[in-house]
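First up is the structure itself, then whatever we jot down about it.
Only heavy atoms go into these numbers, but all of them, side chains included; no hydrogens, no water, no symmetry mates. Remember, it's 1-based here, ligands and their atoms both numbered in the order they're listed.
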Amino acid sequence: MSEWWKTAVVYQVYPRSFADSDGDGIGDLPGITARLDHLAALGVDVLWLSPIYPSPQDDAGYDISDYRDVDPTFGSLADLDRLLAELHARGMKLVMDLVVNHTSDEHPWFAESRSGRAMAKRDWYWWRPPRAGMRAGDPGAEPTNWRSAFSGPAWELDPATGEYYLHIFSRKQPDLNWESPEVREAVYAMMRWWLDRGVDGFRMDVVNFISKDPALPDGHGAGGAFVTGSEHYICGPRIHEFLAEMHREVFAGRDGLLTVGEMPGVTVDEARLFTDPARAELDMVFQFEHVELDQGATKWELRPLRLTDLKASLARWQAGLADVGWNSLYWGNHDQPRAVSRYADDGEHRVRAAKMLATVLHMHRGTPYVYQGEELGMTNAPFAGVEDFRDIESLNHYAEAVAAGEDPEHVLASLRAMGRDNARTPMQWDASEHAGFTTGTPWLAVNPNHVEINAEAARADPGSVFHHYRRLIELRHTLPVVAHGDFTMLLAHDERVYAFTRRLGDIELLVLGNFSGEPVVAELPEPERWRAAELLVGEPADEPLMLRPWEGRVLRA
Ligand code: NOJ
């Protein structure tokens, strides 16, 4: 049973946007349960469920006010138990989202913490007086110069006690203080409670932020302005100690689980430590390097992606975790724009491009994650104005940037390209009015292209993106080289062709992807060898090393 996840594929469900069973326009648990045959047909092994806990929904459920219940919008604990039972009956597992870097400000822990400086739970969060020599509320009186990931300072003044609390995300997401042993024990007890209920693991939200330098120093490079300060909380001093303790307290002695830590800013060397089985911390992490290559200093500064940068980055991760540790593989999730729009072509060549991206990703070494709708080749949404967006990150950035004098059209262009709502438009089940997502009014508009791009059409079409994903998932289950083979990047300097081999014993695969809208020939060292190879994935071609626009292919020597 151990390391079963090396041959597994995970499917992420974003509950607000997957399937609505009661017509309120918001997806829910019974809606997901009713659609499990879609996942079973795809062949995935695990469902990762984004947060369904009670929440004021300031950050779409990543602000949790009760860790041991289900938000009525999504259903009940009984609905969760049913989903779990139906998944297990189909041989699939359930991984829950664990959000314990912060809680909601409406969580009872925070309510108690904020109610007085002498309260027992005061130190469960990060409270600090104003900067020395300044008065609470004065501009710049925040205890540090850290910026919130959702714009503005990372500190909020609480008038009741005259102190500030830390919130790396929204002001309704105060950071928990993991220095407190009581906080850690409360979190571990909650995790055991979910595992005892039958869930199969956790995806851990920004878990490499939980250990902060307790001195909370100012961030570098300030010049008077606010900066992330993240060098003081990304993989902080006690992070490995905390995760090893969590493993001992929660996971030790339990089998068949999956743990994956979401880790912005993690390095390959750190990731190897986190995922070294001998250290017993996590099974795998989500790293961010490859999804930041088309951005400048912030995610809103767009820059063109160079394929050679993408290849260099992913090859470094493959090499770094080749002997010890394990990779997670992803193009998209609920925080990233749609992969086919971002990395390829969501117009004329959409189907071929979505398949090529899938081929390239799934043939890497690591556990692939499919984000809902990616298996249909769903695209970014045609947002007209700022009123079409719902996400706090986008709305706060727009307000801040426009107030600072940026051209609103320019800001909108970056929201359209990078905004998280692109990934959050409702799942496209069929061609009907709201794409079969809801009978009510969807909380975020359905992409009008659902009349063409939808699950019903995809399942009926043997040449669809959906059936391509099915084939890739089946290959991972049945061909050991896909999960266990070694990895060699080829053509590192080619700006159009992504090429690599995988090898296990005397089995060797060649994976090719054309990241351009022109036909291209892969200039490989041993062309004759590959010309004679068997076509494993892709469309037949007279010349096996020639790729059509955005085409991908796998050959077996
Ligand atoms: C990462 C989550 O994926 C994202 O959606 C959320 O806004 C932040 N963490 C804060 O919880």
Side-chain angles (χ1 to χ4, degrees), residues 10-18 27 48-67 71 74 95-107 110 125-126 146-152 154 156 165-176 178 187 202-210 212 228-230 233-235 259-266 282 284-288 291-292 298-300 328 330-338 369 371-372 374 389-397 415 418-425 443-444:
V10 182
Y11 186 94
Q12 183 191 353
V13 167
Y14 190 69
R16 293 185 79 74
S17 306
F18 195 65
W48 150 27
L49 187 61
S50 278
I52 43 71
Y53 316 96
S55 161
Q57 302 290 330
D58 189 54
D59 182 21
Y62 283 89
D63 48 319
I64 298 170
S65 53
D66 180 355
Y67 285 116
D71 195 288
F74 297 127
V95 161
M96 303 287 284
D97 221 304
L98 179 79
V99 189
V100 290
N101 172 68
H102 44 268
T103 67
S104 163
D105 67 337
E106 297 182 34
H107 194 292
F110 188 72
Y125 296 84
W126 295 94
W146 299 6
R147 245 179 93 74
S148 154
F150 294 158
S151 305
E156 182 73 6
Y165 64 86
L166 175 68
H167 61 89
I168 294 174
F169 294 92
S170 99
R171 58 169 63 93
K172 289 185 66 61
Q173 291 169 296
D175 281 57
L176 278 167
W178 276 67
V187 168
F202 298 98
R203 172 271 185 187
M204 305 178 187
D205 193 71
V206 289
V207 79
N208 64 328
F209 290 9
I210 59 177
K212 290 147 175 100
T228 67
S230 61
Y233 60 77
I234 286 184
C235 298
T259 58
V260 51
E262 188 209 23
M263 297 201 171
V266 71
L282 296 172
M284 58 190 104
V285 307
F286 289 126
Q287 59 94 5
F288 278 66
V291 293
E292 289 170 350
T298 75
K299 72 181 271 178
W300 308 113
S328 315
Y330 72 97
W331 290 133
N333 57 43
H334 64 293
D335 294 330
Q336 303 292 335
R338 289 284 177 181
Y369 286 71
Y371 178 64
Q372 67 182 45
E374 182 187 317
F389 291 87
R390 296 287 175 276
D391 177 23
I392 181 171
E393 183 191 46
S394 292
L395 298 176
N396 284 3
H397 170 65
L415 255 49
M418 283 299 161
R420 307 192 296 184
D421 284 325
N422 281 302
R424 301 178 181 186
T425 62
W443 70 276
L444 178 66

* Of all heavy-atom pairs between His102 and Phe169, which one has the smallest distance, and what is that distance? -> CE1-CD1, 3.6 Å
* **Pro51 versus Gly61, closest heavy-atom pair with distance** => CB-O, 3.2 Å
* Asked: Is it true that a side-chain atom of Ser65 and a backbone atom of Pro54 form a donor plus acceptor pair closer than 3.5 Å?
  -> yes
* **N/O donor-acceptor pair under 3.5 Å between Ser328 side chain and Met284 backbone** => no
* Asked: Below 4.0 angstrom, N of the basic side chain to O of the carboxylate: do Lys172 and Asp63 qualify?
  -> no
* Quick one: does NZ or CZ of Arg16 land under 6.0 Å from the six-membered ring centre of Trp443, within 45 degrees of the ring axis? -> yes
* Asked: Taking any residue with a non-hydrogen atom under 4.0 angstrom from an atom of ligand 1, which ones do you get?
  -> Asp59, Tyr62, His102, Phe150, Phe169, Gln173, Arg203, Asp205, Val206, Glu262, His334, Asp335, Arg420, Arg424
